[in-house]
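Below is one structure, written out as structure tokens, with a few remarks after it.
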Number of protein chains: 2
Amino acid sequence: MKDKPPVPSAHRPARATIYEVATLAGVSPATVSRVFNGFNVSAKYANAVKKAASELGFRPNSAARTLRTRTSEVITLVIADIENPFFTALARGVEEVARASGYSVVLCNSDEDEEREKTYLAMAAAQHMAGVIITPATDHTDVSEWLAHGTPVVSVDRTLAYANVDAVMVDNQAGARDATRRLIERGFRRVACVTGPSGTETADERTSGWRDVMLDHGGVTPERYLVRALAKDSGGREAMEKLLALPEPPDAVFVGQNLMGIGVLEALASAGISPEKFGVSILGDLSFAATLIPPAVDVFSLPAREMGRTAAQLILERIAGDKRPPRTVVVRRSAE
Amino acid sequence: MKDKPPVPSAHRPARATIYEVATLAGVSPATVSRVFNGFNVSAKYANAVKKAASELGFRPNSAARTLRTRTSEVITLVIADIENPFFTALARGVEEVARASGYSVVLCNSDEDEEREKTYLAMAAAQHMAGVIITPATDHTDVSEWLAHGTPVVSVDRTLAYANVDAVMVDNQAGARDATRRLIERGFRRVACVTGPSGTETADERTSGWRDVMLDHGGVTPERYLVRALAKDSGGREAMEKLLALPEPPDAVFVGQNLMGIGVLEALASAGISPEKFGVSILGDLSFAATLIPPAVDVFSLPAREMGRTAAQLILERIAGDKRPPRTVVVRRSAE
DNA sequence: TTGTAAGCGTTATCAC
DNA sequence: GTGATAACGCTTACAA
């Protein structure tokens with residue numbers, strides 16, 4: 001990645017510096033700096049500086065500032081899949097809160113890929129970000145460099161096995177239980193489970209929530225009705241097709257992932273099975289397509305935005321110097 | 001925004017510098033720099049430097065580098081709505097190409113808001129980005145600062161009225177014509193048009209594509225069937241309700257925006273009207289929900305990803321020093 | 001090939 | 001309250 005030298009940079013006209021502003025305003029550079037950082041400066045000078053600055057189109061050079069102060073007012077947010085509405089809603093939540101405190105958010109898309117994630121983390125590490133919020137691609141994503149450097153890290157939606165950092169989670173198991181129980185209440189008994197690949201924390205938890213309910217009601221372990229697949233709509237479709245091909249197919253399905261839900265519905269539709277007859281209950285953020293989903297389908301949505309907001313709050317506290325031991329905040333799903 | 005002083009930064013342990021690496025490797029700092037920038041260094045020294053660097057966990061400080069070189073290998077991408085799949089697909093396209101050339105992409109979400117857009121542009125301007133790709137919130141978005149500074153700018157999906165920069169567009173008018181024509185071919189005659197607010201370039205163009213076809217086939221200007229609303233699903237729903245309440249309602253509708261399409265379908269559904277009877281044709285990216293959309297609905301998708309890829313290619317060329325006059329590239333919609 | 005040294009534009013530490 | 005001045009960590013002439 002780092003092999004080819006940077007493209008020869010085009011000539012960049014210099015931008016006004018603090019020195020030129022100082023000269024024009026008849027003060028020292030230090031005074032200009034003070035004006036821009038809210039320190040005490042006499043009104044007379046302050047005005048002169050502001051005037052000079054706007055005349056010159058002065059814009060503080062953030063590279064210089066970051067170099068000097070070893071910090072910047074930007075938060076890096078690394079999400080796992082930019083095309084998944086759960087993550088974009090989360091991003092929006094982060095941004096709302098961060099912006100309100102004067103922080104900017106830069107978004108990086110790891111695409112669930114360890115390598116890409118690593119690249120972005122390295123890039124951000126080189127930039128003295130104020131903090132990092134991440135939905136880790138794996139539970140062994142390495143954030144030690146950040147911690148060593150004193151940069152706060154908050155993980156969202158998934159936990160980091162080898163790092164003791166703040167985390168924002170949702171109660172996946174309870175969500176899965178609720179969603180599964182709904183199907184039981186509606187009279188279904190052979191409830192299958194379709195969710196993300198084994199080893200994915202959220203998927204594992206949701207699986208176990210489903211299993212809990214099934215064991216309570218069926219008495220036997222319903223593992224033959226458990227299908228784990230790629231957490232995309234294609235994965236959902238394949239999983240559902242597999243289930244329908246079973247000798248004794250299920251009569252309902254709990255889907256533990258938003259996009260997979262779409263795939264499941266698709267598979268059912270092309271098999272000519274209506275969700276009124278065949279129970280479907282989905283745990284995941286489907287707001288973007290809410291009105292396209294047949295009303296017979298139960299959707300249990302996730303508080304993505306709220307999770308983002310919470311993560312931002314946590315990181316702002318850490319940035320402000322909060323030294324308490326790391327916390328895990330579980331955001332409750334809003335009453336439906 | 002810039003009023004409150006930065007949160008007092010926590011103490012940051014210093015990270016290894018090029019000097020320490022140099023000392024450990026027994027060379028000069030310049031040599032270390034050369035190793036990391038791919039200049040000729042004897043193998044012996046190069047290895048010593050690499051070894052020392054990894055022992056110290058050295059990571060080049062990008063703020064210092066940017067300060068010195070006045071450029072960085074990151075591209076800023078400002079999109080108008082992170083929750084709209086059109087823009088996220090576009091983002092993905094940009095990223096694919098940029099990453100392949102060793103550039104990182106930071107994503108900013110303007111949320112169609114001029115103020116937020118301005119903040120992000122200013123932020124990025126302070127950071128010596130290599131380039132900026134933007135889907136402007138308005139046609140008068142100010143990018144002059146960039147241009148003055150020699151930073152390449154590419155606009156995507158929308159053009160900038162007051163700046164002569166590279167642009168990547170899609171042929172909205174042709175798309176709208178195709179989509180409308182399809183309805184005519186299916187036998188509909190009173191084809192309405194629902195699209196984004198007046199003044200939005202893409203919406204204006206799509207409107208005129210629809211109008212062209214209608215005038216060709218109907219002979220009268222069908223303005224009473226034109227409804228422009230907020231480019232969200234709520235806007236689509238309201239627009240459709242308005243149309244259905246007309247004394248002589250339309251018998252079909254062309255929708256010039258993806259999310260609005262969902263709203264339109266929703267309104268039709270709750271009015272008990274099936275899209276087999278009432279023609280619906282949508283121009284916009286709906287891939288995320290493709291399988292949930294009734295098959296009777298015609299969807300003409302937009303090459304969002306390809307547009308992103310193209311934009312990235314353009315900006316990389318500019319970064320590399322391409323001095324040709326600005327171009328507008330129109331990306332063709334892929335044959336369906 | 002390698003080293004020396006002078007900045008890049010800020011902010012922070014002193015004196016005044 | 002204000003002004004010199006020395007860093008911050010890197011790149012890059014220029015010398016060697």
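Naming convention: chains lettered A, B, ... in sequence-line order (proteins, then strands); numbering from 1 in each chain. Scope of the values below: all heavy atoms of this structure, side chains included, with no hydrogens, waters or symmetry mates. Everything numeric here is computed off the predicted structure, so don't read it as measured data.
Distances from the side chain of Tyr19(A) to the nucleotides dT2(C), dC8(C), dT5(D) place dT5(D) closest. The side chain of Leu67(A) sits closest to dG9(D) out of dC10(D), dG9(D), dT2(D). With distances taken from any side-chain atom of Arg68(A) to the nucleotides dT2(C), dA12(C), dG1(D), the minimum falls on dA12(C). Comparing atom distances between the Thr31(B) side chain and each of dT2(C), dC10(D), dT11(C) picks out dT2(C) as nearest. Closest to the Val27(B) side chain, of the nucleotides dT5(D), dT1(C), dG3(C), is dG3(C).
Phosphate proximity of dT11(D) to Ser33(B): present, with a side-chain N or O under 4.0 Å from OP1 or OP2. For the OP1/OP2 pair of dC8(D) and a distance below 4.0 Å, the side-chain nitrogens and oxygens of Thr69(A) include no atom meeting the criterion. OP1 and OP2 of dC8(D) both lie 4.0 Å or more from every side-chain N or O belonging to Arg70(A).
Remark: Arg158(A) engages Glu112(A) in a salt bridge, criterion side-chain N to carboxylate O under 4.0 Å. The residues Arg92(B) and Glu96(B) are annotated as not salt-bridged, no charged nitrogen and carboxylate oxygen being separated by less than 4.0 angstrom. Using a 4.0 Å cut-off between charged nitrogen and carboxylate oxygen, Asp111(B) and Arg99(A) do not count as a salt-bridge pair.
Using modelled atom types, no side-chain atom of Thr66(A) and backbone atom of Ala63(A) make a donor-acceptor pair closer than 3.5 Å.
Sequence order on DNA chain C of the closest nucleotides to Arg34(A) and Thr17(A) puts Thr17(A) first from the 5' end. Across the interface with DNA chain C, nearest-nucleotide mapping of Ala43(B) and Phe58(A) shows Ala43(B) to be the residue nearer the 5′ end. The nearest heavy atom of DNA chain D to Ala64(B) and to Ala30(B) marks one nucleotide each, and the one closer to the 5' end goes with Ala64(B).
Note on Phe39(A): nothing from the nucleic acid sits closer than 4.0 angstrom, heavy atoms only.
One can place CG of Asn61(B) at 5 Å from P of dC10(D), the figure rounded to the nearest angstrom.
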